[in-house]
Amino acid sequence: MPEGHSVRRLARQFGDVFGGRRLSVSSPQGRFREGAALLDGHTLLAAEAHGKHLFLHFDNALVLHVHLGLYGAWSFGGDSTFNGSSSIGAPRRVGEQESFADGNDDDAYSGPPAPVGAVRVRLAASNGWADLRGATTCEAITLAETDLVRARLGPDPLVNRRGDAGRFAANLLGRKAPVAALLMDQKIIAGVGNVYRAEVLFRRRLDPWLPGSNLADSEARKLWRDVVSVMNDGVADGRIITTTPRYWTANGKKAKPAAEAAALKSSSFPARDNAHFVYKRDGLPCRVCRTTVLAADLVGRRLYWCPSCQA
DNA sequence: GTCTCATGGACAT
DNA sequence: TGTCCCTGAGACG
């Protein structure tokens with residue numbers, strides 16, 4: 001869940017439901033009591049994301065900075081303004097769609113429920129609430145400290161400023177580490193996690209063990225463009241789908257054109273098992289060449305790749 | 001019930 | 001390179 005596309009959706013959602021509203025901020029669990037007191041009663045001005053970092057700007061020049069880490073999750077609830085808002089983060093299952101809050105159509109919202117479990121932060125306004133659990137980082141910081149966090153991060157494909165492709169290429173090309181390790185380094189590119197790194201390397205048919213310095217500048221720029229494309233799809237879909245409809249058949253075998261047309265017609269989403277090319281498909285045949293997909297540990301994380309397509 | 005695993009990252013060594 | 005933090009779901013008995 002919490003790869004960059006999820007955090008981007010979160011930022012948008014916070015702006016939609018709480019933007020311009022005065023929030024009561026509390027820490028039912030107690031671990032964020034002091035930070036919550038600094039923000040309590042202030043108005044949310046803006047919500048933004050950079051990579052996997054979420055920044056909620058309040059009208060007293062303080063910022064709620066949240067990084068979900070592996071386990072963090074936000075859940076939402078409230079009146080009809082919360083219809084379509086979704087809980088984002090763990091618990092997660094691969095390929096699962098986000099679960100949607102049960103906003104009330106009749107606007108009969110009567111306040112947040114009693115907090116369940118270890119709620120680090122609860123944000124509540126007159127229209128609804130949001131609970132944060134299990135985040136790696138949750139802090140109230142100044143604007144200057146916000147800039148310091150941003151300064152540690154590489155370009156964000158979901159921001160994709162002019163010149164970012166070149167910055168990303170320069171970051172990659174100067175390094176001897178395997179490109180698969182570099183893609184997970186948030187200083188090089190912000191927002192890519194374990195699923196996107198495996199999938200985009202497959203989509204570009206790049207050997208994950210290739211040193212960054214061995215990539216051509218043009219290939220690094222193509223890689224950036226593919227990350228931009230596939231992560232923007234993730235923002236739109238609310239899940240990570242890197243395969244195309246021709247691979248959305250029941251048995252995972254490559255579909256014939258007629259089957260592709262049928263898949264396109266019958267469903268806008270692939271089954272969970274067909275959403276990825278290589279991620280968590282070790283031991284299974286590659287969707288393209290039928291070679292067995294491999295997995296290995298790389299800097300403490302599981303890497304998946306096709307040794308034939310990505311040679 | 002217990003154990004293991006998971007789409008992160010900071011920090012120590 | 002290893003350790004720790006953090007939470008919940010699923011496998012297993």
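Every chain is numbered from 1 and lettered A, B, ... according to where its sequence line falls, protein lines coming before strand lines. Predicted model, so just to flag it, every value in this text is computed and none were measured.
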Under-4.0 Å side-chain N/O to phosphate OP1/OP2 contact, A/R302 with B/dA6: no

Presence of A/Q186 side-chain N/O under 4.0 Å of B/dG8 phosphate oxygens OP1/OP2: no

Shortest side-chain distance from A/Q29, nucleotide among B/dG9, C/dT7, B/dT7: C/dT7

Centroid-centroid under 6.0 Å between A/F18 and A/F82 rings: yes

A/K187 NZ - B/dG8 P separation (whole Å): 15 Å

Interatomic distance, A/R31 CZ vs C/dT7 C1' [rounded to whole Å]: 11 Å

Separation of atom OH in A/Y196 from atom C1' in B/dG8, rounded to whole Å: 16 Å

Separation of the P atoms in B/dT13 and C/dC5, to the nearest angstrom: 15 Å

side-chain N/O A/K52 vs B/dG9 OP1/OP2, d < 4.0 Å: yes

N/O (side chain, A/R301) to phosphate O (OP1/OP2, B/dG9) under 4.0 Å: no

Salt bridge (Lys or Arg N to Asp or Glu O under 4.0 Å) evaluation trace for A/K222 with A/D226: CA-CA 6 Å; A/K222 284 178 190 166; A/D226 198 45; over 6 Å; no

Among B/dG8, B/dT7, C/dT7, the one nearest A/A118 by side-chain distance: C/dT7

Rounded distance in Å between the P positions of C/dC4 and B/dT4: 16 Å

Distance in angstrom units between A/L132 CG and C/dG8 P, rounded: 11 Å

Face-on cation placement of A/R150 at A/F55 ring, 6.0 Å and 45° thresholds: yes

Spacing of A/R9 atom CZ relative to B/dT7 atom C1', expressed in whole Å: 15 Å

B/dT7 phosphate, OP1 or OP2, under 4.0 Å from A/Y279 side-chain N/O: yes

P spacing across the pair C/dG13 / B/dC5, given as an integer number of angstrom: 14 Å

Test: A/R205 cationic atom under 6.0 Å from A/F202 six-membered ring centre, within 45° of axis: yes

Nearest-Å distance for atom pair CG/C1', residues A/D282 and B/dA6: 14 Å

Whole-Å distance separating the CD atom of A/E139 from the C1' atom of C/dC5: 15 Å

A/A180 backbone acceptor or donor facing A/R197 side chain under 3.5 Å: yes

Protein-nucleotide distance (A/R197, atom CZ; B/dA6, atom P), rounded to Å: 13 Å

